[in-house]
Amino acid sequence: MQNKIIAAIFDLDGVLTRTAAQHAKAWKQLFDAYNEQRKEEGEQPFEDFSIEIDYPKYIDGIPRYDGIRNFLQSRNIKLPEGYESDEPNELTIRGLGNRKNEFFLKVIEEEGVEVFEKNIDQIKKWKAEGVKTAVISSSKNCKKILEVTGIEELFETRIDGVVSKERNIKGKPSPDIFLAAAKELGVDPEESMIVEDAIAGVEAGSAGGFGLVVGIVNGASKEELLKNGADLAVQDLTDVKLN
Ligand SMILES: O=P(O)(O)OC[C@H]1O[C@@H](O)[C@H](O)[C@@H](O)[C@@H]1O
């Protein structure tokens, strides 16, 4: 029987906010621009980045530079690591990552950021019932997104891409970011639920021994989420009954 769930740890992009699609769009802009550059410089182009296939497989839920390494490896491309201070036009892992961030910031500036209302309303209900809440994200833009959408106060703690770097917390699919959040909430993983839309995220939840791993069907399909560690896969949180 399932343990009593007293805490819930939510991923940000694609669970709380509609930003997963905006990240995917920026990634496509980055890899398309890089491919064009290769063609202009007489280098062999690679098979175009696909939002449907490559994003969930290599990028979704994963820290920025890890995602770049994953994707380039899938195309047999090796670039030097470079430095975090690299200019966005630099052909290094870090340079490409910085360029992607410019694309992402432009996308959210132009389009704005929206929350998933049903999920936010459900979280408010659980909070009112006494469930402890945390937000986690691989993204270094997490705090900014929480602020612009006004949902920061819903969570007792936040472990994001910036905090992970400071504390040297391994990125997903390692469970460490979720375990760190549970620790800060003062709860055991077995009595906590994690909510994720990414394959790397449900893998992390399953590896961390969490009481309930909920997959939100957004980019990755229901089947993929269940196959990779989700206990259930739903469209939104109104379909999840606790205890
Ligand atoms: O580049 P950022 O904002 O630090 O985000 C890193 C990753 O954060 C994850 O939440 C997103 O699913 C990825 O698409 C993104 O690449």
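Both counts, for ligands and for their atoms, begin at 1 and track the order of listing. In this chain, residues are counted from 1 in sequence order.
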Sole residue of Gln37, Glu36, Arg38 in side-chain hydrogen bond (donor to acceptor under 3.5 Å, both in side chains) with Tyr34: Arg38

Side-chain (Asn119) to main-chain (Leu237) donor-acceptor, under 3.5 angstrom: yes

Backbone N/O of Lys140 and side chain of Lys143: donor-acceptor pair under 3.5 Å: no

Check: Tyr55 ring centroid to Phe71 ring centroid under 6.0 Å: no

Under 4.0 Å, counting heavy atoms only: does [X] come that close to any atom of ligand 1?
X     : result
Gly61 : yes
Trp27 : yes
Thr19 : no

Atom indices of ligand 1 within 4.0 angstrom of [X] heavy atoms, with elements:
X      : value
Lys100 : 1 (O), 16 (O)
Tyr55  : 11 (C), 12 (O), 13 (C), 14 (O)
Lys140 : 2 (P), 3 (O), 4 (O)
Arg64  : 1 (O), 2 (P), 3 (O), 4 (O), 6 (C)

Geometric N/O contact Ser139 with ligand 1, under 3.5 angstrom: yes

Option passing side-chain contact (heavy atoms from CB on, under 4.5 Å) with Thr19 (candidates Thr149, Asn141, Val113): Val113

[atom] [closest protein heavy-atom partner, distance rounded to 0.1 Å]:
atom                    : answer
atom 10 (O) of ligand 1 : Asp13 OD2, 2.7 Å
atom 15 (C) of ligand 1 : His23 ND1, 3.8 Å
atom 7 (C) of ligand 1  : Ile62 O, 3.3 Å

Name every donor-acceptor pair, under 3.5 Å, that has one atom in a side chain of residues 191-202 and the other anywhere in the protein, sequence neighbours excluded.
| residue | atom | partner | partner atom | Å |
| --- | --- | --- | --- | --- |
| Glu191 | OE2 | Asp188 | N | 3.0 |
| Ser192 | OG | Asp188 | O | 2.8 |
| Glu196 | OE1 | Ala198 | N | 3.2 |
| Glu196 | OE2 | Lys172 | NZ | 2.7 |

When the side chains of residues 91-98 are checked against the rest of the protein, which donor-acceptor pairs come out under 3.5 Å, sequence neighbours left out?
| residue | atom | partner | partner atom | Å |
| --- | --- | --- | --- | --- |
| Thr92 | OG1 | Asp86 | OD2 | 2.7 |
| Thr92 | OG1 | Gly95 | N | 2.8 |
| Arg94 | NE | Glu81 | OE2 | 3.1 |
| Arg94 | NH1 | Glu84 | OE1 | 3.4 |
| Arg94 | NH2 | Glu81 | OE2 | 3.0 |
| Asn98 | OD1 | Tyr65 | OH | 3.1 |
| Asn98 | ND2 | Glu84 | O | 3.0 |
| Asn98 | ND2 | Asp86 | O | 2.8 |
| Asn98 | ND2 | Arg94 | O | 3.3 |

Derivation of the salt bridge (charged side-chain N to carboxylate O under 4.0 Å, His left out) call for Lys39 and Glu43: CA-CA 5 Å; Lys39 286 180 206 164; Glu43 275 189 82; over 6 Å; no

